[in-house]
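These numbers come from a predicted model, not from an experiment. Each chain gets a letter, A, B and so on, in the order the sequences are listed, and its residues count up from 1.
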2 protein chains.
Amino acid sequence: MRLSKRGEYGLRAMIALAEPDVNGNTPQMMQIKEISLREQISTKFLEQILLTLKNAGMLHSKMGVGGGYYLAKPAGEITLGQIFRVLDGPIAPIKCVSHMAYEPCGCPNEETCGLRLVMGDVRNAIVDILDYTSLADVVKRQNEIRKKISGV
Amino acid sequence: MRLSKRGEYGLRAMIALAEPDVNGNTPQMMQIKEISLREQISTKFLEQILLTLKNAGMLHSKMGVGGGYYLAKPAGEITLGQIFRVLDGPIAPIKCVSHMAYEPCGCPNEETCGLRLVMGDVRNAIVDILDYTSLADVVKRQNEIRKKISGV
DNA sequence: ATAAATTCTATTGATTTAGTATACTTTTGG
DNA sequence: CCAAAAGTATACTAAATCAATAGAATTTAT
């Protein structure tokens with residue numbers, strides 16, 4: 001049940017872009033290099049990932065000197081599930097329980113397949129988290145932890 | 001978030017072995033061919049998978065004529081999580097939230113990494129299902145559905 | 001003895017992953 | 001206008017993993 005590096009980097013970059021800039025403004029614009037440096041990601045690889053996200057309509061960009069990427073929508077309207085699906089495909093652990101990319105899996109009787117029943121539960125559990133967690137939620141949670149740590 | 005074919009086939013085979021035989025006896029002994037035929041799995045591939053499961057101590061086998069595989073423990077004592085880990089490795093979507101195979105993931109600050117927080121939730125949700133569902137639970141659930149269908 | 005069954009090891013071909021490489025286009029500062 | 005900065009777009013590749021295949025060795029019932 002692995003999240004790919006592509007997915008990991010893309011999610012981390014999106015979370016970085018969802019944070020307000022030094023002046024508290026949002027959405028913040030950041031250059032690829034800035035993100036790759038801060039998040040320890042190969043610049044060239046991140047380039048591809050951000051481009052994919054842009055083509056999927058989740059990011060906007062500004063070319064040329066002083067350019068960069070910024071979120072296409074408010075952070076509260078972009079969920080981790082959406083980002084995940086763009087970069088890593090369907091969330092379901094097995095095709096026969098996928099809502100977005102259903103395919104029969106070849107078991108003798110899909111209707112009474114025990115594995116399918118359980119994997120359906122797993123799918124729902126994951127989707128319930130990823131599709132109901134927005135970038136804004138993540139940023140908020142990060143800030144709460146930071147506050148708790150500095151407050152100790 | 002994909003379950004591999006190896007994992008899928010292995011889980012299906014173990015569920016088949018957890019069902020009582022025609023006389024209601026359990027654990028039932030089945031030959032590789034029998035399982036591969038019923039579950040539509042390449043016999044040779046299933047061979048490898050069952051061998052792995054045997055070496056992990058979840059199956060016993062009897063060689064020679066009239067031989068076959070059977071569960072090493074009662075179906076109620078084998079969880080899907082155990083089987084999954086043997087065939088597909090750690091359940092966690094990202095190493096830095098794995099209990100069984102922790103590794104840092106390279107983000108600048110693991111403690112306040114938002115992605116890690118969310119993926120930790122995802123891991124727990126999956127583990128809560130797979131580690132608390134035994135083969136016996138799956139068989140029971142299958143039977144309930146079969147009863148419901150034939151009863152309609 | 002022999003046929004049926006599991007065991008074990010090696011290999012293969014396809015696909016995916018995680019990048020690199022290269023060249024191009026757009027924008028802006030000077 | 002020109003050069004540098006920045007994103008755009010493809011193509012390529014090395015390594016790993018996946019799904020399966022092959023074939024020989026071993027064990028057992030009859």
Side-chain angles (χ1 to χ4, degrees), chain A residues 1-13 17 28-37 39-72 84 86-90 93-95 101 105-106, chain B residues 1-13 17 28-37 39-72 84 86-90 93-95 101 105-106:
Chain A
M1 299 289 198
R2 192 65 110 275
L3 174 67
S4 74
K5 284 289 171 190
R6 177 200 264 72
E8 178 192 331
Y9 294 162
L11 285 162
R12 291 231 306 268
L17 285 165
Q28 117 168 264
M29 183 159 81
M30 291 178 86
Q31 292 173 3
I32 295 180
K33 262 211 179 128
E34 223 177 319
I35 303 176
S36 76
L37 203 72
E39 300 286 336
Q40 310 270 57
I41 302 170
S42 146
T43 307
K44 277 292 182 183
F45 193 25
L46 186 58
E47 239 171 51
Q48 276 179 28
I49 296 167
L50 295 185
L51 197 53
T52 304
L53 256 8
K54 185 199 149 130
N55 290 335
M58 328 195 89
L59 286 178
H60 285 162
S61 66
K62 192 179 168 233
M63 272 186 152
V65 179
Y69 280 98
Y70 55 98
L71 298 185
F84 183 100
V86 166
L87 296 173
D88 275 13
I94 194 169
K95 294 252 177 86
C105 63
Chain B
M1 296 293 196
R2 191 64 109 276
L3 174 68
S4 73
K5 284 289 169 188
R6 177 200 265 74
E8 179 191 331
Y9 295 163
L11 285 161
R12 291 230 307 266
L17 285 165
Q28 120 169 260
M29 184 158 79
M30 291 178 87
Q31 291 174 2
I32 296 180
K33 260 208 181 134
E34 223 178 320
I35 303 175
S36 75
L37 203 70
E39 299 287 336
Q40 311 270 56
I41 302 170
S42 145
T43 306
K44 278 292 186 181
F45 192 25
L46 185 60
E47 219 175 274
Q48 277 180 26
I49 295 168
L50 295 184
L51 197 53
T52 304
L53 256 7
K54 186 201 149 130
N55 290 335
M58 327 195 90
L59 286 179
H60 285 163
S61 67
K62 193 179 168 230
M63 272 188 151
V65 178
Y69 281 96
Y70 55 97
L71 298 186
F84 183 100
V86 166
L87 297 173
D88 275 15
I94 194 170
K95 294 253 175 87
C105 64

Novice: Identify, with sequence neighbours excluded, every residue that meets side-chain hydrogen bond (donor to acceptor under 3.5 Å, both in side chains) alongside B:Ser42.
Specialist: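 Checked B:Ser42 against side-chain hydrogen bond (donor to acceptor under 3.5 Å, both in side chains); zero matches.
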Novice: Let me know, please, whether B:Gln31 or B:Asn55 comes out on the 5' side of the other along DNA chain C by nearest nucleotide.
Specialist: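 The answer here is B:Gln31.
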Novice: If you look at every strand shown and take non-hydrogen atoms under 4.0 Å, does B:Ile32 touch a base, only sugar-phosphate, or nothing?
Specialist: sugar-phosphate
Novice: Please list, chain by chain and in numerical order, all residues satisfying salt bridge (charged side-chain N to carboxylate O under 4.0 Å, His left out) with B:Lys33, sequence neighbours excluded.
Specialist: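 Once residues adjacent in sequence are excluded, B:Lys33 has no partner under the salt bridge (charged side-chain N to carboxylate O under 4.0 Å, His left out) criterion.
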Novice: Can you tell me the distance, in whole Å, between the CG atom of B:Leu53 and the C1' atom of C:dC8?
Specialist: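 The distance from CG of B:Leu53 to C1' of C:dC8 comes to 16 Å, rounded to the nearest Å.
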Novice: Which residues satisfy the side-chain hydrogen bond (donor to acceptor under 3.5 Å, both in side chains) test with A:Lys5, sequence neighbours excluded?
Specialist: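 If we apply the side-chain hydrogen bond (donor to acceptor under 3.5 Å, both in side chains) test to A:Lys5, skipping adjacent residues, the hits are A:Glu8.
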Novice: Do B:Tyr9 and B:Leu87 pass the side chain to side chain contact (heavy atoms under 4.5 Å, CB included) test, and can you show the C-alpha distance, the side-chain angles, and the key distance before you say yes or no?
Specialist: CA-CA 10 Å; B:Tyr9 295 163; B:Leu87 297 173; over 6 Å; no
Novice: So, B:Asp88 side chain and B:Leu3 main chain: donor-acceptor pair closer than 3.5 Å or not?
Specialist: no
Novice: Without decimals, in angstroms, what is the distance between A:Leu51 CG and C:dT22 P?
Specialist: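 Value for this atom pair: 20 Å.
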Novice: For residues 57-71 of chain A, which residue pairs pass the side-chain hydrogen bond (donor to acceptor under 3.5 Å, both in side chains) check, not counting sequence neighbours?
Specialist: A:Lys54-A:Ser61
Novice: I'd like to compare against my own output: the B/S/- annotation of nucleotides 19-30 of chain D with a strict under-4.0 Å heavy-atom distance to protein.
Specialist: SBBBB--BBBS-
Novice: Can you tell me how far P of C:dT6 sits from NZ of B:Lys54, to the nearest Å?
Specialist: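 Atom NZ in B:Lys54 sits about 11 Å away from atom P in C:dT6.
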Novice: Once you round it to whole Å, what is the distance between C1' of D:dC18 and CD of B:Glu8?
Specialist: 13 Å
Novice: For A:Glu34, what residues pass the side-chain contact (heavy atoms from CB on, under 4.5 Å) criterion, not counting sequence neighbours?
Specialist: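 Here the qualifying residues are A:Met30, A:Gln31.
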Novice: Please tell me if B:Ser61 has a side-chain N or O lying less than 4.0 Å from either OP1 or OP2 of C:dA5.
Specialist: no
Novice: Calculate the interatomic distance between A:Leu50 atom CG and D:dA9 atom C1'; express it in whole Å.
Specialist: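 The distance from CG of A:Leu50 to C1' of D:dA9 comes to 15 Å, rounded to the nearest Å.
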Novice: OP1, OP2 of C:dT6 versus side-chain N and O of B:Tyr70: anything below 4.0 Å?
Specialist: no
Novice: What is the distance, to the nearest angstrom, from the CG atom on A:Asp88 to the P atom on C:dT15?
Specialist: 19 Å
Novice: Rounded off to whole Å, could you give me the CZ-to-C1' distance for the A:Arg2 and C:dT16 pair?
Specialist: 14 Å
